[in-house]
There are 2 protein chains.
Amino acid sequence: MSLEEPVPAQLPEVKRKRGQGVGAVFETLKHEILNLTLEPGSPIDEVKLAERFGISRTPIREAMVKLAGEGLVVTLPNRFTIVAPIDFANLPQFFDALSLMYRVTTRLAAANRTENELAAIRELQHTYTAAVEASDVPAMIEVNRNFHAAIARAGKNRYYTDLFVRLLDEGRRLLRLYYSSYNDKLPRIYLQEHEVMLAAIEAQDIEAADRIAEAHAEQIVRQIQNAMTEDRRLNAGISL
Amino acid sequence: MSLEEPVPAQLPEVKRKRGQGVGAVFETLKHEILNLTLEPGSPIDEVKLAERFGISRTPIREAMVKLAGEGLVVTLPNRFTIVAPIDFANLPQFFDALSLMYRVTTRLAAANRTENELAAIRELQHTYTAAVEASDVPAMIEVNRNFHAAIARAGKNRYYTDLFVRLLDEGRRLLRLYYSSYNDKLPRIYLQEHEVMLAAIEAQDIEAADRIAEAHAEQIVRQIQNAMTEDRRLNAGISL
DNA sequence: TGTATTTTCATTGTCGACACGAAATATTCA
DNA sequence: TGAATATTTCGTGTCGACAATGAAAATACA
């Protein structure tokens with residue numbers, strides 16, 4: 001299941017400042033988990049991580065506790081810590097929550113956005129366009145997440161933003177898993193929808209923002225479901 | 001700001017099994033934070049905690065990281081960890097999210113509840129009634145939270161349940177803070193509303209569940225706001 | 001040869017000690 | 001006397017070592 005980086009690069013042996021260790025480990029592992037560089041369900045060895053980062057196990061462990069708190073990792077007491085498996089059984093609930101958060105955050109953004117925030121969102125839309133032009137799928141996935149996270153932040157409700165970002169991150173793993181089915185047409189649909197969303201937020205049209213957010217969510221859910229179905233068809237091709 | 005337990009009781013020096021320490025510390029501190037036994041903003045000393053629980057600082061620290069992950073505690077690097085302050089500035093957003101989660105979880109409960117879950121919810125309603133009869137305010141606050149958490153669980157969406165429980169817990173601190181304004185009339189209104197909510201869930205009437213959930217949320221928000229206003233009026237009485 | 005029991009082994013959970021950082025306090029200098 | 005600087009103090013962040021645990025390997029037994 002390895003993607004572009006099968007073996008994580010050894011970090012340079014830089015003397016890190018006190019208190020930087022856990023944060024670095026946390027961010028690095030979070031990235032690798034969301035990029036599927038670390039396979040879901042695979043075990044994580046504290047000692048190897050300690051060697052890799054050139055620090056002792058204590059800060060590694062604290063990073064693991066933080067990762068577990070965000071559900072990125074599951075701890076089996078006295079045994080292993082494993083990368084959180086992708087929970088396909090909960091997918092319908094995931095889609096439901098994702099859809100609601102799309103709507104709520106986009107509504108609030110339309111109501112509460114400042115000019116600065118609007119500019120930041122527009123900037124991300126440009127970056128996304130560039131990624132689409134370059135057919136850079138990983139970049140598209142990452143920027144798409146940042147685009148919606150920026151919208152959520154402009155809505156200024158921490159509770160929604162936190163949940164939404166978590167859902168978007170979990171969605172990143174799903175998209176990565178099925179990104180092979182990305183064809184040229186789909187990203188351009190997203191691009192158009194993002195444009196409409198941006199316009200509704202700029203015009204502070206809450207109901208329009210709500211409608212396009214719901215449509216956008218449905219679009220994405222449908223795409224992932226299609227990708228999964230195709231994937232299953234591929235599996236069905238093997239002899240039984 | 002101390003309530004009924006100003007000095008946390010010294011725990012008996014029981015030899016705890018491996019791996020039980022962090023959980024015990026986490027649960028105990030979470031309880032004390034939500035009960036306002038630990039004052040919001042007050043510093044937490046790792047060494048004192050280690051002595052209190054009879055374990056070393058390492059598991060204490062892991063518990064702190066977990067508490068920080070749930071927002072119950074704030075870590076100031078190289079300095080302190082403090083009990084999370086109550087963020088009055090974010091109160092409107094808190095109320096907004098609380099209200100939406102009330103609605104969503106109650107809707108889903110009406111749609112998805114099993115007979116067993118219904119019985120469990122009804123049981124908690126009885127416990128709540130008993131607490132009201134006994135005028136036991138702390139019990140009322142705790143059981144009320146458990147009642148709605150049970151409803152959320154019956155809705156079977158982990159994402160909503162997690163956020164809702166977090167919001168309910170944060171609300172517990174607010175209720176504790178203002179529970180002096182609890183008069184005999186209010187709890188009985190809640191009791192009635194809970195009854196209606198239960199009936200809607202039992203009848204699997206999603207729209208009715210939604211309506212009563214929204215009304216219930218508004219009721220609670222209004223009560224807390226009233227309590228805060230009264231509180232401010234009391235402050236206004238002192239000489240300036 | 002197959003099953004139950006013991007031993008080994010790998011990996012975690014916990015500990016005590018020490019190094020580092022920021023604030024509080026004492027000291028110097030104008 | 002007051003500001004700038006050095007020193008102390010206090011608590012955290014990190015380390016290396018060790019004990020507990022559960023799985024796997026080795027052994028005993030029928």
Side-chain angles (χ1 to χ4, degrees), chain A residues 8 11-30 33 38-39 41-69 71-85, chain B residues 8 10-30 32-33 38-85:
Chain A
L11 294 193
E13 274 287 345
V14 192
K15 186 71 182 179
R16 250 174 295 278
K17 277 219 190 85
R18 179 189 172 83
Q20 307 245 329
V22 286
V25 175
F26 176 78
E27 289 300 334
T28 305
L29 289 186
K30 179 170 181 175
I33 290 170
L38 261 36
E39 184 178 350
S42 64
I44 298 177
D45 187 331
E46 293 177 2
V47 177
K48 279 184 195 139
L49 279 181
E51 286 169 7
R52 179 178 160 206
F53 287 93
I55 56 179
S56 82
R57 276 179 51 228
T58 309
I60 299 284
R61 289 196 115 242
E62 293 196 3
M64 301 304 264
V65 173
K66 280 181 75 174
L67 288 168
L72 294 167
V73 122
V74 178
T75 305
L76 315 181
N78 278 313
R79 225 66 254 303
F80 293 111
T81 298
I82 62 173
V83 177
Chain B
Q10 173 88 11
L11 295 192
E13 274 285 346
V14 190
K15 185 72 180 176
R16 251 175 294 278
K17 275 221 190 81
R18 178 190 173 84
Q20 307 242 330
V22 284
V25 174
F26 175 78
E27 290 299 333
T28 305
L29 288 186
K30 178 171 181 175
E32 292 178 355
I33 290 170
L38 262 36
E39 185 178 349
S42 64
I44 299 178
D45 186 331
E46 295 177 1
V47 177
K48 279 183 195 140
L49 279 181
E51 285 168 8
R52 177 176 163 208
F53 286 93
I55 56 182
S56 83
R57 275 179 52 230
T58 308
I60 299 282
R61 287 195 117 243
E62 294 197 1
M64 301 304 264
V65 173
K66 281 181 75 175
L67 288 168
E70 296 206 3
L72 294 166
V73 122
V74 177
T75 304
L76 314 181
N78 277 314
R79 222 71 249 303
F80 294 113
T81 297
I82 62 173
V83 177

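Please read these numbers as outputs of a predicted model, since none were measured by experiment. Chain letters run A, B, ... following the sequence lines, proteins first and then strands; every chain starts at 1.
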request  = Mind checking side chain to side chain contact (heavy atoms under 4.5 Å, CB included) for B/K30 and listing every partner two or more places apart, or none if nothing turns up?
outcome  =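 B/K30 satisfies side chain to side chain contact (heavy atoms under 4.5 Å, CB included) with B/F26, B/L34, B/L67, B/E70, B/L72, B/D169 once adjacent residues are dropped.
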request  = Go through the structure and list residues passing salt bridge (charged side-chain N to carboxylate O under 4.0 Å, His left out) with A/E62, not counting sequence neighbours.
outcome  =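 Salt bridge (charged side-chain N to carboxylate O under 4.0 Å, His left out) check on A/E62 returns B/R61.
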query = Taking OP1 and OP2 of C/dC15, is either one under 4.0 Å from a side-chain nitrogen or oxygen of B/S56?
reply =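 Indeed, a polar side-chain atom of B/S56 lies that close.
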In whole angstrom, what separates [X]'s [atom1] from [N]'s [atom2]?
X: A/I60; N: D/dG16; atom1: CD1; atom2: C1'; answer: 15 Å
X: B/L49; N: D/dT12; atom1: CG; atom2: C1'; answer: 13 Å
X: B/Q20; N: D/dT21; atom1: CD; atom2: C1'; answer: 13 Å

Cut-off 3.5 Å, no hydrogens considered: what does the side-chain donor-acceptor table look like for residues 77-84 of chain B, sequence neighbours left out?
unit_1 : atom_1 : unit_2 : atom_2 : d
B/N78  : OD1    : A/R18  : NE     : 2.8

Just the atom pairs and distances: protein N or O near nucleotides 9-12 of chain C's N or O, under 3.5 Å.
unit_1 : atom_1 : unit_2 : atom_2 : d
C/dT12 : O2     : B/R18  : NH2    : 2.1

query = Are any non-hydrogen side-chain atoms of B/L29 and B/V73 less than 4.5 angstrom apart?
reply =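 Side-chain contact under 4.5 Å: no.
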ask   = Would you call B/V22 and A/V65 a side-chain contact if the rule is heavy atoms closer than 4.5 Å?
value =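 Contact flag for B/V22/A/V65 side chains = no.
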key: Backbone of A/A24 reached by a side-chain donor or acceptor of A/T28 within 3.5 Å   =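 Yes; at least one donor-acceptor contact below 3.5 Å.
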